Amino acid sequence: MTAAIIGAGPAGLMAAEVMSAAGQTVHVYDGMPSAGRKFLLAGRGGLNLTHSEDFDSFVSRYGASRGSVARWLEAFGPQAVREWAQGLGIATFVGTSGRVFPRQMKAAPLLRAWLHRLRGQGVRFHMRHRFAGWTEEGGLRLRTPAGEQVASAEAVVLALGGASWSRLGSDGAWVPLLAQRGVAVAQLLPANCGFDVRGGWSAYFSSRFAGQPFKSVAITAGEFHRLGEFVATATGVEGSLVYAASAILRDEIRLRGSARFEIDLLPGRSREHVLREVAHPRGSRSLASHLKSRLGLEGIKLALLHEVLPRDALHDPDRLASAIKAVPLVVTAARPVDEAISTAGGVRLESLDERLMLRALPGVFCAGEMVDWEAPTGGYLLTACLASGRVAGLGALEFLRSRQNLAR
Ligand SMILES: Cc1cc2nc3c(=O)[nH]c(=O)nc-3n(C[C@H](O)[C@H](O)[C@H](O)COP(=O)(O)OP(=O)(O)OC[C@H]3O[C@@H](n4cnc5c(N)ncnc54)[C@H](O)[C@@H]3O)c2cc1C
């Protein structure tokens, strides 16, 4: 009996690993010329593999889907990810933020070692094979440079990714293919994404400050409050702190058309302190040099105050101090999913059994980002992709074994 895995990202490769380790013949198909392209891109940012926080905190990052994700992680959690990397000769370390990275801060050595091990376990790779749905007889339609081919497999793991960075292979084109077969799919949405500010920045602000960071600030959006940094873009904001708030902002925009958050430009100083310094007599000095010398406020932070506040507020110490501690910013659109770090939505968890097999398509399993869960950055994405790949791979193995027993 044969197994096909479609999608050679971390989720699909992990499914291939557990199946081939058990002696199962596995064929991996992918539309791209080589495996793991998004995984390699993640390596450019240091490859944050997982996080070292305690299990309950870790699981809480998956929000509404934490119940299902916790089951995957109980079998293959953050510590297992580190041991798995170590097994491939890649030592990891815990960074100051608790995030876990490979010592070399790269994905390529890990991916190379992993593919080598998989080939050694007999996994057959078929690149430039793009899945285009099923034939009437249930064969897998694969578009290749040599034309369409049909493959048959008794068990199939789909690990087709989300819809961000489509040039790396994952474009969400699988959504109608599954929907036509009766699978419930939640709309794919940007996650860990940037936003456009209402009305755009002024020409002055975007030409001078796009690409520059807001460092050591805090964002408050409803119940969300966190310290960190983010970056101004030509039309809005992006970067780690904005990504962390992105699910809240995105959902608010979908509900009300816009979302508002506040930026504390000086989270280390109290409002009273800021007011005292702002109100300090400044003589003939300009407001800019006053704020710089009394509070160290300059550059993009000062420019944001000019961008957002009416002129009279800039010269009213009380209003200015309030704004420094909570500059309001309104965003009206999430950036397109193709630009996002990850994708929310996907195959609904109710469409899958606990082995991640589609209830509507027995023998077909799903794993990774194409399943409907989301998480912030911090290693939570890769960990859940790997863990779900393992669940789906083991589920497919069990399915094949029960078929074999029936055939005897
Ligand atoms: C810039 C960036 C940085 C990131 N950094 C991190 C990080 O540090 N830590 C972290 O945890 N996560 C990070 N991520 C997210 C992480 O890379 C993804 O969550 C993860 O790669 C998803 O794994 P996957 O196997 O589900 O899908 P993918 O990695 O997207 O793989 C899916 C595969 O399926 C193939 N495919 C798709 N459709 C078809 C089709 N129809 N036919 C055949 N093949 C198809 C694709 O070519 C691809 O190879 C980052 C993402 C980005 C964009």
Side-chain angles (χ1 to χ4, degrees), residues 4-16 27-51 58 61 78 81 95 97 99-102 105-107 110-111 125-134 140-144 151 156-178 188 190-194 238-240 243 337-344 346-347 356 366-390 392-393:
I5 292 172
I6 313 182
L13 294 179
M14 184 51 90
H27 293 268
V28 175
Y29 300 94
D30 197 293
M32 296 301 281
S34 60
R37 294 206 164 189
K38 193 179 281 182
F39 187 66
L40 288 174
L41 176 73
R44 274 208 237 149
L47 194 69
N48 182 191
L49 274 176
T50 190
H51 202 287
F58 193 97
R61 310 295 174 189
V81 170
S97 57
R99 296 174 179 219
V100 175
F101 301 92
M105 301 289 282
K106 285 186 193 146
L110 197 158
L111 183 62
F125 286 90
H126 309 269
M127 306 313 293
R128 293 192 169 95
H129 279 59
R130 191 169 163 76
F131 175 59
W134 287 267
L140 302 168
R141 295 175 52 204
L142 296 158
R143 295 205 180 115
T144 79
V156 179
V157 177
L158 298 177
L160 301 167
S164 77
W165 290 72
S166 57
R167 62 187 175 279
L168 302 179
S170 306
D171 58 6
W174 53 265
V175 172
L177 303 178
L178 290 189
L188 302 186
N192 295 302
C193 56
E238 66 177 21
S240 57
Y243 297 160
V337 65
D338 196 41
E339 293 176 20
I341 297 288
S342 60
T343 308
V347 174
L356 294 180
C366 294
E369 218 180 286
M370 70 180 294
V371 177
D372 183 14
W373 54 272
E374 68 175 307
T377 58
Y380 307 104
L381 298 165
L382 282 174
T383 303
C385 288
L386 294 167
S388 61
R390 189 170 177 277

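Quick caveat, the model's predicted, so the values are computed rather than measured. Whatever order the structure lists ligands and atoms in, that order sets their numbers, starting from 1.
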So for Leu41 against ligand 1, with non-hydrogen atoms under 4.0 Å, the contacting part is side chain
Quick check against the 3.5 Å criterion: does Trp174 have a side-chain atom that pairs as donor or acceptor with the backbone of Gly161? yes
Please confirm whether Met32 approaches ligand 1 to less than 4.0 Å, judged on its heavy atoms. yes
Should the pair His27 and Tyr29 be assigned to parallel (<30°), tilted (30 to 60°) or perpendicular (>60°) ring geometry? parallel
Do the side chains of Asp372 and Val347 get nearer than 4.5 Å, heavy atoms only? no
Is a donor on one side and an acceptor on the other found under 3.5 Å between the side chain of Asp30 and the backbone of Met127? no
So, the side chain of Ser388 versus the backbone of Gly368: is there a donor-acceptor pair under 3.5 Å, distance only? yes
Measure across Phe39 and Pro10 and return the closest heavy-atom pair with its distance rounded to 0.1 Å. CD1-CG, 3.9 Å
Could you check whether any heavy atom of Trp165 sits closer than 4.0 Å to an atom of ligand 1, since that is the contact criterion I want to use? yes
In terms of atom number and element, which parts of ligand 1 are under 4.0 angstrom from non-hydrogen atoms of Gly368? 26 (O)
State the atoms of ligand 1, each with its element, that fall below the 4.0 Å cut-off from a heavy-atom position in Ala11. 25 (O), 26 (O)
Does any N or O of ligand 1 fall below 3.5 Å from an N or O anywhere on Pro10, backbone included? yes
Which of the numbered atoms in ligand 1 are below 4.0 angstrom from a heavy atom of Gly9? 25 (O), 29 (O), 31 (O), 33 (C)
Least distance between heavy atoms, Trp134 atom then Leu140 atom: NE1-CD2, 3.5 Å
Which residue owns the protein heavy atom closest to atom 39 (C) of ligand 1, what's the atom, and how far is it? Leu160 CD2, 3.5 Å
closest protein heavy atom to atom 49 (O) of ligand 1 is Asp30 OD2, 2.5 Å
Which residue holds the protein heavy atom closest to atom 6 (C) of ligand 1, what is that atom called, and what is the gap in Å? Ala42 CB, 3.5 Å
Could you check atom 16 (C) of ligand 1 against the protein and tell me its nearest heavy-atom contact, residue, atom and distance included? Leu382 CD2, 4.0 Å
Of the backbone atoms (N, CA, C, O) and the side-chain heavy atoms from C-beta on, which set of Ile6 has a member under 4.0 Å from an atom of ligand 1: side chain, backbone, both, or neither? side chain
Within-cut-off N or O pair, Asn48 and ligand 1, under 3.5 Å: yes
Out of Phe39, Phe101, Phe131, whose heavy atom sits nearest atom 41 (N) of ligand 1? Phe131
Thr144 (side chain) donor-acceptor with His129 (main chain) under 3.5 angstrom: no
Contact check, Gly45 vs ligand 1, heavy-atom distance below 4.0 Å: no
Under a 4.0 angstrom heavy-atom cut-off, which atoms of ligand 1 come close to Cys385? 19 (O), 22 (C), 23 (O), 26 (O)
Just by modelled atom types, is the Ala340 backbone N or O under 3.5 Å from a matching donor or acceptor in the Trp165 side chain? yes
Between Thr383 and Tyr380, is there a donor-acceptor pair closer than 3.5 Å when you use the side chain of the first and the backbone of the second? no
Check the side chains of Ser166 and Asp338 for a donor-acceptor pair under 3.5 angstrom, ignoring hydrogens and angles. yes
Protein contact of atom 43 (C) of ligand 1 - nearest heavy atom, named by residue and atom, plus distance: Gly31 N, 3.2 Å
If you scan protein heavy atoms around atom 28 (P) of ligand 1, the nearest is Ser170 OG, 3.7 Å
Considering all heavy atoms of both residues, which atom of Lys38 and which atom of Ser170 are nearest to each other, and what is their separation? NZ-CB, 4.2 Å
Closest protein heavy atom (residue, atom, distance) for atom 36 (N) of ligand 1: Gly169 O, 3.7 Å
With backbone taken as N, CA, C and O and side chain as the heavy atoms from C-beta onward, which portion of Ala159 lies under 4.0 Å from ligand 1: side chain, backbone, both, or neither? backbone
Tell me if a side-chain donor or acceptor on Glu369 pairs with a main-chain N or O of Cys385 at a distance below 3.5 Å. no
Can you name the closest pair of heavy atoms from Met370 and Leu178 and give their distance? CE-CD1, 3.8 Å
Quick one: which ligand 1 atoms are inside 4.0 Å of a heavy atom on Ile341? 1 (C), 2 (C), 50 (C), 51 (C), 52 (C), 53 (C)
If you scan protein heavy atoms around atom 26 (O) of ligand 1, the nearest is Glu369 N, 2.8 Å
Any heavy atom of Met370 sitting closer than 4.0 Å to ligand 1? no
Taking all heavy atoms of Pro78 and all of His51, pick out the closest pair and write down the distance. CB-O, 3.4 Å
Heavy-atom contacts with Gly7 under 4.0 Å: which atoms of ligand 1 show up? List them by number with element. 33 (C), 34 (O), 35 (C)
What part of His129, side chain from CB on, backbone N/CA/C/O, both or neither, has a heavy atom under 4.0 Å from ligand 1? backbone
